[in-house]
2 protein chains.
Amino acid sequence: MSSKVQTQQRILDAAQSLFAESGFNDTSLRQITTKAEVNLASVNYHFGSKKELIQAVLQRYLQVLMPRLDQEFDRLLASQKPNDLTQILSVFVKPLLDLNQLQRRGTRTFLQLLGRGYTDVQGHLRWFINHHYGRTLDKFVLLVQQSCPHLPQSEVFWRLHFSLGSIVFTMASSDALAEIAQADFNEAVDIEGVIRRLIPYLGAAIAAPVYSQDLKTVA
Amino acid sequence: MSSKVQTQQRILDAAQSLFAESGFNDTSLRQITTKAEVNLASVNYHFGSKKELIQAVLQRYLQVLMPRLDQEFDRLLASQKPNDLTQILSVFVKPLLDLNQLQRRGTRTFLQLLGRGYTDVQGHLRWFINHHYGRTLDKFVLLVQQSCPHLPQSEVFWRLHFSLGSIVFTMASSDALAEIAQADFNEAVDIEGVIRRLIPYLGAAIAAPVYSQDLKTVA
DNA sequence: GTACATTTCAAACAGGTGTTTAAAAGTATG
DNA sequence: CATACTTTTAAACACCTGTTTGAAATGTAC
C-alpha cells in the first residue's frame with residue numbers, strides 16, 4: 001500500500017522538476033523513470049499516460065492554490081466599492097509563495113510548469129485548467145472589470161492574455177533571466193522578487209487608457 | 001540553377017507555415033517535404049540540418065525587418081530630447097506590417113514564428129537573434145532607458161522581458177485568441193489590431209512607477 | 001499457508017525522428 | 001558529345017518515443 005503511493009510520489013517529484021526544467025515535450029518517460037528510480041512501465045500503470053501524468057503534476061499544485069485564490073476573490077468581491085487593481089493582483093502573492101511549504105522550491109516549480117503548460121502544449125492543459133477552475137478564474141476577471149470601468153470587456157480580455165503572456169514567458173525562462181540579471185546588474189533575484197516586480201508592471205498595463213485609434217492611422 | 005532556388009523556396013514556404021502553426025518541435029521534416037513536394041533529403045542537402053532550416057526561415061524576415069528598425073532607432077536617437085515611449089513602440093508598426101509585402105500573411109507568420117522561437121526552443125534561436133541583431137536591439141533598449149529616466153537599468157531589463165513575453169505569447173497563440181474574441185465579443189481581430197492594442201498596454205507597463213521595495217523583506 | 005489482488009519488471013512493440021548514403025537524373029561547360 | 005558538377009531520389013540508418021505485454025515478485029486477507 002505505501003509502496004504504491006511511494007512510487008507515484010517518486011514519479012511526480014521526478015517529473016515535475018524535469019518538466020519545469022526542459023518542458024513537457026522535451027522530457028521523456030525514460031528520463032523521468034530513471035530519475036525516479038522506478039520501472040518505465042509504472043508511469044502508464046499508475047497514471048495511464050504521459051498526458052495524464054502532466055495533468056497530475058499540475059493538479060498537485062492547483063488543488064492547493066486555486067481554493068485559496070477563490071477564497072481571496074470572494075473576499076474582494078464582497079466589498080462594496082471596486083478594488084484597486086494592484087490590490088487584486090497582490091492577492092496572488094501569498095498563496096503562490098505558500099506553495100514553498102508544499103514542496104521545496106514549490107512556487108518556482110509551479111510557475112515554471114504553468115509557463116510550460118501554456119507554451120509547450122497546444123490545447124489539453126489550457127482546457128484542463130479552464131474545466132476545473134474556470135469558475136475561480138471568472139471571479140478574477142470580474143474583479144478586474146469592476147476595477148477598470150473605463151475598459152470594454154473585450155479590452156480586458158486581451159489585456160489579461162497579454163498579462164498571462166508576461167507571467168508565463170517570464171517563468172518559463174526565469175532561470176536564464178535571473179542568470180543574466182546576476183551577470184549584468186549583479187542582482188540576485190528570486191522568484192518572489194520577480195512576482196513583486198510584475199505587480200506594478202501589470203497593474204499599470206491592465207489599467208492603461210485606451211487610445212483613440214483614429215490618431216494613429218499609418219500609411 | 002533556377003531549380004535549386006525553387007526547391008529552397010518551396011521548402012522555406014512550406015516550413016514557415018507549418019512552423020508558425022504547430023511550432024518547431026512538433027513539425028517534422030517529413031511534413032515539410034511532403035507539403036513542399038520535394039524529397040526528404042533535400043532539406044539536409046540545401047540547409048544542412050533542421051536547426052539551420054529554422055534559422056533560415058526566420059532570417060528571411062529578420063534581414064528585411066531589422067535594418068528598417070535599426071534605421072528608425074537611429075532617427076529617434078538623433079533627436080535631442082528623450083522620446084515618448086509610445087512613439088518608440090510605434091516605430092515597430094510599419095516595418096512589421098510591411099512584412100505583408102514580403103509574403104502573404106507575412107506579419108502574422110513572422111510574429112508567430114518569433115513566438116515559437118522564444119517558447120519552443122531553449123537556446124539556439126535566442127542566441128542567433130542576439131548574435132546577428134544585438135546592436136540594433138541595444139539601440140532600442142537605450143531609447144527606452146532614455147524615455148524612462150526614473151527607472152533603474154535592471155528594472156528596464158525586467159520590464160522589456162515581461163513585454164517580450166506578452167508579445168511572443170500572444171502571437172504564438174494569436175489564432176486561438178482571435179477565435180475566442182470572435183466568439184465571445186463578436187469582434188474580428190487581425191494581427192494589426194493586436195499590435196495596436198499592445199502599444200498602449202506596453203507603454204503604460206514599461207513606464208510604470210516602481211513601488212518602494214522595502215516592504216519585500218523575504219522570510 | 002494458501003488464494004487472491006496489486007505492483008514491479010524486462011522485453012518487445014509499432015511508429016516516428018533527423019540524418020546519411022550511393023546511385024540516378026539533370027545541367028552546365030569545355 | 002563527353003566531362004564534371006549539381007541536384008534529386010529511394011532506401012536505409014541509428015536512435016528515440018509512448019505504450020503494451022505477460023510473467024515474476026510482492027503484499028494482503030482469510
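So that the names make sense, note that chain A is the first sequence line, chain B the second, and so on, each numbered from 1.
For B:L29, whose side chain is taken as the heavy atoms from C-beta onward, the closest listed nucleotide among C:dT7, D:dT20, C:dT19 is C:dT19.
Put simply, CD on B:E52 is 13 Å from C1' on C:dG18, counting in whole angstrom units. In this entry the distance linking CD of A:Q6 with P of D:dT26 reads 15 Å, nearest Å. Taking atom CD1 on B:I32 and atom C1' on C:dT17, their separation rounds to 12 Å, with Å as the unit. Summarising the geometry, the separation between CG on B:N39 and P on D:dT7 is reported as 14 Å, rounded to the nearest angstrom. If you take OH of B:Y45 and P of C:dA22, they are 16 Å apart, rounded to a whole angstrom. Here the C1' atom of nucleotide C:dT7 and the CD atom of A:Q9 are 17 Å apart, to the nearest Å. Separating the NE2 atom of B:H46 from the P atom of D:dT7 is a distance of 6 Å, rounded to the nearest angstrom. If you take CG of B:N44 and C1' of D:dA12, they are 14 Å apart, rounded to a whole angstrom.
Under 4.0 angstrom from either OP1 or OP2 of C:dC9 there lies no side-chain N or O belonging to A:S42. Contact between the side-chain N/O atoms of B:S49 and the OP1/OP2 oxygens of C:dG18 is not found at any separation under 4.0 Å. A:S28 has a side-chain polar atom (N or O) that falls below the 4.0 Å cut-off from OP1 or OP2 of D:dT17.
Counting any heavy atom pair closer than 4.0 Å across all strands shown, B:T33 reaches no nucleic acid atom.
Nucleotides of DNA chain C nearest to B:A41 and A:E37 differ in position, and the one nearer the 5' end is that of A:E37. Two residues, A:L40 and B:L40, neighbour DNA chain D, and the one matched to the more 5' nucleotide by heavy-atom proximity is B:L40.
A donor N or O paired with an acceptor N or O is not found under 3.5 Å between the base of C:dG16 and the side-chain atoms of B:R30.
Of the N and O atoms on the side chains of A:S49 and A:E52, at least one donor lies less than 3.5 Å from an acceptor on the other residue. Side chain to side chain, B:Q112 and B:S174 meet the donor-acceptor criterion of an N or O pair below 3.5 Å.
Side-chain contact check for A:W158 versus B:L177: some heavy-atom pair is nearer than 4.5 Å.
Nearest approach of B:K50 to B:T27, heavy atoms of both residues: NZ-O, 2.7 Å.
Screening A:H132, A:H124, A:H131 against A:F128 for a ring pair (Phe, Tyr, Trp, His ring centres under 6.0 Å) leaves a single residue, A:H132.
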